[in-house]
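Data first, discussion second: the structure below is written as structure tokens.
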Amino acid sequence: PNNHKQPGGVEPPLIMHQLTCNGVLEGIRICMRGFPNRIHYPDFKQRYAILGQGKVNQGTEAKSAAGTILEMTPGFEAEKYRIGHTKVFFRAGALAMLEEARDDIVMKLTRYAQGALRGYASRKSFANRKKQRELIQVIQRTFRSYMRNRDWGWFKIIQKTDL
């Protein structure tokens, strides 16, 4: 990187300016302070609102929602995160703990929904089989009645008339 477009030429002030503008130096400074992971408030709210135990909804402002979510998460101390102006900063491994807590809740809800759907399908299948059994009994009863009456004279006459 240089202003003269020469191969092999390096201008350290230009490099520092580019790194500063791209936010690389700021990221390095934050990581050295011990907060390598960071997430913007809207993204954090969208992904982790489930940890807020119902205290966070669509109308809640993103920054206050992030604070509520982090406070409501069991076993997640305040020393593991910092709330900035536009982002939430996490110490190493803290985001993994949040993700694990979120995965537990999502798995629990998935299993509940799966159980409800399987129960519904099983009840529907059972009702269908019960109806089939009842219809089989009706057919058997009708056939037995036919076998009992087929040689009866009046039955033959009734069969020949159109009703």
Side-chain angles (χ1 to χ4, degrees), residues 1-2 5 7-8 10-144:
N2 58 48
K5 309 292 185 220
V10 177
E11 292 182 17
L14 180 62
I15 293 172
M16 289 303 290
H17 179 69
Q18 287 177 346
L19 291 175
T20 303
C21 289
N22 290 333
V24 175
L25 292 180
E26 184 68 17
I28 292 170
R29 186 176 62 77
I30 291 170
C31 289
M32 291 190 68
R33 283 193 174 173
F35 297 97
N37 301 320
R38 54 198 172 277
I39 301 177
H40 286 280
Y41 288 127
D43 298 337
F44 181 82
K45 177 184 169 188
Q46 179 185 7
R47 182 155 182 84
Y48 297 103
I50 197 167
L51 296 174
Q53 301 172 3
K55 301 228 191 281
V56 176
N57 57 25
Q58 293 290 343
T60 310
E61 193 264 326
K63 187 173 182 177
S64 62
T68 304
I69 292 168
L70 291 168
E71 289 169 9
M72 298 299 294
T73 304
F76 200 72
E77 300 86 29
E79 67 186 35
K80 294 184 180 182
Y81 66 90
R82 294 289 184 272
I83 295 181
H85 294 294
T86 59
K87 297 178 186 176
V88 183
F89 298 91
F90 297 98
R91 292 206 184 273
L95 199 55
M97 289 175 57
L98 271 182
E99 194 64 34
E100 214 171 286
R102 179 186 173 275
D103 286 346
D104 290 343
I105 292 173
V106 168
M107 188 61 69
K108 187 186 297 183
L109 292 173
T110 302
R111 287 181 180 151
Y112 176 78
Q114 233 177 11
L117 290 173
R118 285 183 180 173
Y120 174 78
S122 295
R123 285 188 293 277
K124 194 149 179 95
S125 172
F126 178 77
N128 192 22
R129 286 184 307 214
K130 183 178 177 185
K131 186 177 177 182
Q132 287 175 347
R133 275 195 303 269
E134 290 171 356
L135 291 175
I136 288 172
Q137 289 174 348
V138 168
I139 292 170
Q140 288 174 342
R141 187 173 53 239
T142 304
F143 184 74
R144 285 187 195 114

Between the side chain of [X] and the main-chain N/O of [Y], is any donor-acceptor distance below 3.5 Å?
| X | Y | answer |
| --- | --- | --- |
| Y81 | F89 | no |
| S125 | A121 | no |
| K45 | T60 | yes |
| E77 | E79 | no |

- Salt bridge between K131 and E134, side-chain N to carboxylate O under 4.0 Å? no
Closest approach of [X] to [Y] (non-hydrogen atoms, all atoms of both residues):
| X | Y | result |
| --- | --- | --- |
| A66 | V88 | CB-CG2, 3.9 Å |
| A94 | F76 | O-CE1, 3.4 Å |
| V56 | A49 | CG1-CB, 4.3 Å |
| A62 | P42 | CB-N, 4.1 Å |
| P74 | Q53 | CD-NE2, 4.2 Å |

Do [X] and [Y] touch side chain to side chain, with heavy atoms closer than 4.5 Å?
| X | Y | result |
| --- | --- | --- |
| L51 | M72 | no |
| I39 | Y48 | yes |
| F90 | L70 | yes |

Rounded distance (nearest 0.5 Å) linking atom [atom1] of [X] with atom [atom2] of [Y]:
| X | Y | atom1 | atom2 | result |
| --- | --- | --- | --- | --- |
| T86 | K63 | OG1 | NZ | 8.5 Å |
| Q114 | M107 | CD | CE | 9.0 Å |
| L95 | R102 | CG | CZ | 11.0 Å |
| K87 | D43 | NZ | CG | 10.5 Å |
| N128 | R133 | CG | CZ | 10.5 Å |

- Message: I'd like to know whether F44 forms a side chain to side chain contact (heavy atoms under 4.5 Å, CB included) with L98, so could you lay out the CA-CA distance, the side-chain angles of the two residues, the decisive distance to 0.1 Å, and finally the verdict.
- Response: CA-CA 11 Å; F44 181 82; L98 271 182; 3.7 Å; yes
- Query: Should we count CD of E99 as having more than 12 external heavy atoms under 6.0 Å?
  - Reply: yes
- Query: Do other residues, nucleotides or ligands put more than 12 heavy atoms under 6.0 Å from Q58 CD?
  - Reply: no
